[in-house]
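Just so we're on the same page: letters track the sequence lines, and every chain starts at 1.
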Amino acid sequence: MATYLIRRLISFCLTLVGASVLIFVMLEILPGDPALTMLGVDAPESAVAALRADLGLDRPAPERYLDWIAGLARGEMGLSFTYQVPVAELFAERLELTVPLAFAAMALASLLAIGAGLYAASRHNRAGDWGVMTASQLGLAIPNFWLGILLIVLFALVLGWTKAGGFPGWEAGIGPALGALVLPVVALAITLASILTRVVRSATLEVLREDFVRTARAKGLGRGRTLRRHVLRNAMIPVVTVMGLLFADAMAGTIVIENVFSLPGMGKLIFGAISNRDLIVVKNAVLLLAALVIVVNFAVDLLYALIDPRVRIRD
Amino acid sequence: MSLLAVRGLTVALPTGEGEARALDGVDLELAAGGTLGIVGESGSGKSMTALALMGLAPAGARIAGKIALDGEDLLALGEREMDRIRGARLAMIFQEPMTSLNPVHRVGQQIGEVLALHRDLAGGAAREEARRLLERVELPRPARLLRAYPHELSGGQRQRVMIAMALAGAPDLLIADEPTTALDVTVQERILTLINDLVDAEGMGLIMISHDFGVIARTCEAVAIMYGGRVVERGPVADVLARPAHPYARGLIEAVPRLGRGRAGRLATIAGAMPALGAFPAGCPFADRCPQAEEACQLQVPAMRPLGPARAAACHLLEAAP
Amino acid sequence: MWRHRAFMVGTGLSGLMAGAALLSLFWTPHSPTQIVVRARFKPPSWEHWLGTDQFGRDILSMLMAGAQTSILVGLIAVSLGLGLGVALGLLAAARRGWIEEAVMRLNDLTFAFPVVLLAILITAGWGPGISNAILALAIINVPIFARLSRGAALTIWAREFVLAARAAGKGPVRITAEHVLPNIANVIVVQATISFAIAILAEAALSYLGVGSQPPDPSWGRMLAESQNHLFRSPVLALWPGMAIVLSVLGLNLMGDGLRDLLDPRLGRRGRA
Ligand SMILES: Nc1ncnc2c1ncn2[C@@H]1O[C@H](COP(=O)(O)OP(=O)(O)OP(=O)(O)O)[C@@H](O)[C@H]1O
Ligand SMILES: [Mg+2]
């Protein structure tokens with residue numbers, strides 16, 4: 001168990017460092033002069049030089065990278081170039097929307113997928129299985145942002161049940177705030193659920209062939225109880241791994257969906273920052289989102305050890 | 001009335017083209033507290049017989065015949081009624097102890113499940129009973145074992161846990177499908193002794209399945225020899241061993257060093273291999289491999305002929321007992 | 001092969017998309033880019049089968065030309081990712097050791113960067129453009145193909161006919177070219193089909209967000225983005241491009257699944273020695 005944890009922890013830290021290096025290289029080294037990127041090629045040379053000095057760009061890249069990381073370690077991400085406020089403040093507001101959105105979508109997708117996947121597996125090769133697989137095939141092909149637009153057309157324009165987008169903020173009360181998130185969550189969850197359903201189904205089918213399932217039936221457990229008590233948890237072992245990987249998609253999907261529903265989250269912030277060439281915001285925002293994905297996957301590794309006792313000694 | 005009476009049990013499995021009979025008209029008889037061995041080569045239908053008795057034949061199988069447990073026809077029962085019988089009156093242990101236990105549940109939980117299901121035991125009472133069962137199967141430090149996961153146990157220990165689980169429902173009949181095949185020779189001996197002792201002490205009936213006539217000779221009073229999904233010979237073990245009637249039975253016995261009467265150092269084996277399901281000859285299933293086969297053997301399926309009290313064999317070359 | 005229903009439907013849909021793209025190279029009913037102020041928001045008619053958009057452009061023509069963009073992006077991105085990824089995977093399998101370790105570590109890194117995030121990075125550094133979408137997609141595909149081909153190649157390397165070839169003194173390059181590559185081609189083709197479908201989805205998303213193809217290049221994703229400004233006036237504008245995406249992606253996915261079914265049974269059993 002201890003060695004497993006230590007190995008996961010090391011790999012977790014390495015991935016975090018790798019992600020930050022990748023972001024730094026992509027934004028500050030490969031494109032050339034970040035000051036020029038931020039001000040545009042036709043900016044006066046004096047302004048570029050001033051910004052360069054301001055951001056400390058005349059220093060060597062490794063030094064700048066270490067400065068960035070050291071700042072992060074102290075909880076400082078610098079000032080937004082456009083808003084001139086601490087980036088951390090900007091993020092705090094946006095994350096209140098983005099993080100619940102991503103997690104709610106994952107939760108809904110997992111619920112749908114486990115239900116549909118178990119159902120399909122228990123009806124293997126029969127009509128129910130075929131129906132679930134067809135639906136998931138369709139769900140895989142529907143872009144989440146198009147689904148979002150369709151939901152807006154149906155529920156906001158045709159039925160008039162909700163607004164076409166926007167977010168009143170959590171201050172407006174939990175009800176209205178959650179209400180504004182229902183459609184975005186559904187739009188996000190469908191694609192995720194389609195992928196996950198297939199994983200649940202095939203994992204379940206695999207476990208159903210195991211000897212211990214026959215043992216459970218031989219003990220006198222009914223089909224349903226065998227499925228719930230013996231099959232489900234074993235099938236969850238591969239499913240949980242895929243859920244961790246899918247969280248990256250949920251995060252990316254959130255960025256897209258925020259644009260569909262005009263939600264003031266990280267996605268909106270990032271695209272605003274791109275058009276304003278606010279590299280400082282982009283750099284830290286992308287790292288934050290990537291780090292979130294990495295943390296979730298680390299958590300999944302830990303969860304894995306809880307579900308499967310064999311992991312605790314293996315490895 | 002006998003504990004178990006099986007008549008004409010037939011299991012037809014769907015194949016690419018039509019159906020194939022994994023079991024074809026199997027008859028078995030077992031008195032309460034009696035012990036019956038089923039022996040035969042790999043693929044002869046031993047496991048299929050056990051699974052059919054448990055009501056766990058593969059999905060899609062078509063089952064015909066009659067399985068009477070204490071006079072009650074199991075094939076007429078619904079799924080839920082069968083669930084109440086499995087684990088309580090009929091229990092089974094399997095060939096593969098390594099994979100037959102759920103890897104993510106503790107031993108205590110897996111035994112406790114049977115106690116909760118069939119004996120309404122829960123909490124401390126269930127724990128105490130599970131501990132007693134582990135003691136019963138001669139596992140050391142049972143209290144600690146209850147908290148162990150299957151992967152922490154050896155093969156022999158897992159098979160003992162399986163036996164404890166089977167005992168937990170206090171069944172009338174225990175079916176053991178090659179319980180020692182996957183184990184080391186030394187462990188095999190001890191597990192067989194344990195099963196025998198337990199069956200004696202609890203007064204359970206036992207069906208012991210093996211491809212090794214030696215195992216059956218050690219553990220059972222009666223034997224049924226299977227080939228190609230049929231019972232080809234049956235009788236008291238000692239009788240069959242002394243005077244096997246069916247050429248296949250002779251082959252099986254000669255293949256076991258301690259039992260074979262062949263000259264020391266020369267172990268006979270049956271020539272050829274058992275055909276795949278659906279590829280048996282039209283007549284006697286053994287005809288293609290039988291050293292004495294005649295023309296009639298290829299044409300007609302031999303019926304069971306009585307050969308004296310409780311003895312019968314299905315071979316064209318036999319004269320029925322008067 | 002033609003009896004596999006999903007494969008047939010998939011190939012049909014994919015063929016439809018490819019056909020529309022090819023045809024649009026020579027002919028479209030109208031110009032997909034020409035603005036005709038008089039013809040704004042026209043409903044479907046004989047003149048404009050699917051109607052016109054807010055600039056009076058013919059929807060059908062835009063969809064056909066949009067297929068071009070999707071296919072182009074998918075083709076270039078998947079080819080780049082496949083080429084580099086398979087090369088790395090084969091190298092890792094042939095050499096093992098630190099090369100393999102490095103390839104697998106890179107793999108671990110990319111899972112944290114979905115295409116959208118990567119495209120954002122590239123766009124922030126270099127400015128928006130279709131080439132960013134292609135680059136991001138290519139990069140994402142490298143580890144996918146690397147991991148896949150490494151795994152498949154390792155099983156081939158363990159087979160008898162490879163051992164025989166090694167015993168006969170053949171070098172790793174020759175063995176890879178003669179034995180490994182032909183035997184793992186199946187899985188790679190299947191993955192390429194699936195990756196192509198994902199690329200079409202991603203291109204649409206990126207163009208929708210404004211970091212993919214730029215005006216006036218026709219693109220399904222941007223058509224959807226523009227349609228959203230006119231949902232009240234003409235909600236059907238949001239319908240057609242979405243349908244085009246769904247049918248193409250569905251077609252490719254079905255084709256990929258079908259190919260897997262049709263090719264897989266041979267894979268791993270019969271080797272070309
Ligand atoms: N689920 C199944 N589907 C199709 N055929 C099966 C299935 N299970 C068993 N069979 C076939 O039924 C026949 C009898 O198999 P069975 O498992 O009962 O043999 P066995 O006597 O237990 O052999 P072994 O000693 O190998 O355990 C074999 O030909 C086998 O291939
Ligand atoms: Mg068997």
Asker: How close do A:Asn234 and B:Pro103 get, heavy atom to heavy atom, and via which atoms?
Answerer: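 Nearest pair, atom of A:Asn234 first, then B:Pro103: OD1-CG, 3.4 Å.
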Asker: Heavy atoms only: give me the nearest B:Val104-A:Ile307 pair and the separation to one decimal.
Answerer: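 For B:Val104 versus A:Ile307, the nearest heavy atoms are CG1-O, 3.5 Å.
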Asker: Measure the spacing between NE2 of B:His105 and CZ of A:Arg233 and express it to the nearest 0.5 Å.
Answerer: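 B:His105 NE2 to A:Arg233 CZ: 5.0 Å, rounded to 0.5 Å.
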Asker: Taking all non-hydrogen atoms of both residues, which atom of B:Asn102 and which atom of A:Phe212 are closest, and how far apart?
Answerer: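 In this case the closest contact between B:Asn102 and A:Phe212 is N-CB, 3.6 Å.
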Asker: Apply salt bridge (Lys or Arg N to Asp or Glu O under 4.0 Å) to the pair B:Glu79 and A:Arg217, showing each step before the final yes or no.
Answerer: CA-CA 11 Å; B:Glu79 174 108 7; A:Arg217 295 301 315 278; 3.1 Å; yes
Asker: Any idea which heavy atoms bring A:Lys219 and B:Met165 closest together, and the distance?
Answerer: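 Smallest interatomic distance, heavy atoms only, reads CE-CE, 3.2 Å.
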Asker: For A:Arg214, is there an ion pair with B:Glu96 - N to carboxylate O distance below 4.0 angstrom?
Answerer: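 No.
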Asker: Check whether B:Ile175 gets within reach of chain A through its side chain, its backbone, both or neither, counting any heavy atom under 4.5 Å.
Answerer: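 Contact with chain A involves no heavy atom of B:Ile175 at all.
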Asker: Counting heavy-atom pairs under 4.5 Å to chain A, which of B:Met98, B:Met82, B:His118 comes out on top?
Answerer: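 Greatest number of close heavy-atom pairs with chain A: B:His118.
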Asker: Take atom CZ of B:Arg119 as the centre, draw a 6.0 Å sphere, and report whether it contains more than 12 heavy atoms from other residues, nucleotides or ligands.
Answerer: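 Yes - once you tally the heavy atoms of other residues, nucleotides and ligands closer than 6.0 Å, there are more than 12.
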Asker: State whether the number of non-hydrogen atoms from other residues, nucleotides or ligands found under 6.0 Å of A:Trp170 atom CH2 is greater than 12.
Answerer: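 More than 12 heavy atoms, drawn from other residues, nucleotides or ligands, come within 6.0 Å of this atom.
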Asker: Walk me through whether B:Phe94 and A:Thr215 qualify under side chain to side chain contact (heavy atoms under 4.5 Å, CB included).
Answerer: CA-CA 8 Å; B:Phe94 299 94; A:Thr215 305; 3.8 Å; yes
Asker: Can you tell me which portion of A:Leu221 sits under 4.5 Å from chain B's heavy atoms? Options are side chain, backbone, both or neither.
Answerer: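 Interface part for A:Leu221: both.
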Asker: Would you say the side-chain atoms of A:His230 and B:Gln110 include a donor-acceptor pair closer than 3.5 Å?
Answerer: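 Note: A:His230 and B:Gln110 side chains miss the donor-acceptor criterion.
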Asker: Given that the side chain runs from C-beta out, which part of B:Leu101 has a heavy atom under 4.5 Å from chain A: side chain, backbone, both or neither?
Answerer: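 Contact with chain A: backbone only.
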Asker: Would you call B:Glu113-A:Arg225 a salt bridge at under 4.0 Å N-O?
Answerer: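 No.
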